[in-house]
Amino acid sequence: MIKRVIRAKRDRVFAAWTNPEVMSEWFIPGDGKAIVTNDFRLGGSFKNTMIFNPEEGEHQSSCTVMENNTYIHTGEYLEIIPPEKIVFTWSSHLVTNSRVTIELQDLGDSTELTLTHELLDTEDLREKHSGGWEGCLANLANYLE
């Protein structure tokens with residue numbers, strides 16, 4: 001579980017998880033480019049293609065490797081409660097249908113975001129995903145703040 005306070009109102013934080021153009025601005029750990037498509041509705045799906053800068057070297061991620069530091073994640077939306085909660089599956093070449101829960105608590109001008117990633121079988125997978133999520137959430141906070 002990762003908790004982070006983001007200096008932005010809860011509606012804005014929630015919206016940043018729903019719009020593929022906005023998600024493409026922050027949904028990558030570190031530097032690089034994210035290309036996000038989604039159908040944000042219950043049962044809808046998403047695809048996040050992460051393209052890392054080659055000078056960063058090998059990226060330690062749980063992503064499906066395509067080529068040239070490009071990685072893909074996909075999933076399906078399981079639960080959506082605006083502006084409080086989003087639950088979705090998370091799949092790559094290392095994991096299939098793991099589950100991510102995003103919970104947002106209103107703190108006035110800020111929002112406490114809690115991210116829980118479940119169904120990761122090994123400590124190595126948990127560490128890789130935790131590091132990736134920390135990087136994504138740092139980019140989200142920088143984008144919104």
query: Tell me, do Ser92 and Tyr71 make a side-chain contact under 4.5 Å, heavy atoms counted?
result: no

task: Spell out, yes or no, whether Val5 and Leu144 are grouped together once hydrophobic residues are joined by side-chain heavy atoms under 4.5 Å, including indirect joins.
output: no

- prompt: Are the aromatic ring centres of Phe40 and Trp17 under 6.0 angstrom apart?
  reply: no

message: If the condition is side-chain hydrogen bond (donor to acceptor under 3.5 Å, both in side chains), which residues does Asn38 pass it with, not counting sequence neighbours?
response: Tyr77

message: Less than 4.5 Å apart, side chain to side chain, heavy atoms only: is that true for Val100 and His129?
response: no

query: Is there a donor-acceptor pair closer than 3.5 Å between any side-chain N or O of Ser130 and the backbone N or O of Glu127?
result: no

- prompt: Are the side chain of Asn139 and the backbone N or O of Ile28 linked by a donor-acceptor pair below 3.5 Å?
  reply: yes

- prompt: With no hydrogens and no angle check, is any side-chain donor or acceptor of Thr116 less than 3.5 Å from a backbone partner on Thr101?
  reply: no

- prompt: If you look at every heavy atom in Glu25 and Tyr143, which pair is closest and at what distance?
  reply: CB-CE1, 3.6 Å

query: Applying the 4.5 Å side-chain criterion to the ILVMFWY set and letting contacts propagate, would Leu140 and Val36 be lumped into a single cluster?
result: yes

statement: Nearest heavy-atom approach of Ala16 to Trp26 is O-NE1, 3.1 Å

message: Between Asn97 and Leu119, is there a side-chain heavy-atom distance shorter than 4.5 Å?
response: no

message: For Ile6, is there any backbone N or O sitting under 3.5 Å from a side-chain donor or acceptor partner on Thr111?
response: no

message: I'd like to know if the side chain of Glu79 and the backbone of Val87 have a donor-acceptor N/O pair within less than 3.5 Å.
response: no

- request: May I ask you to check whether His117 and Trp133 show a side-chain donor-acceptor distance below 3.5 Å?
  value: yes

task: Indicate yes or no: at least one non-hydrogen side-chain atom of Gln105 is less than 4.5 angstrom from one of Thr114.
output: no

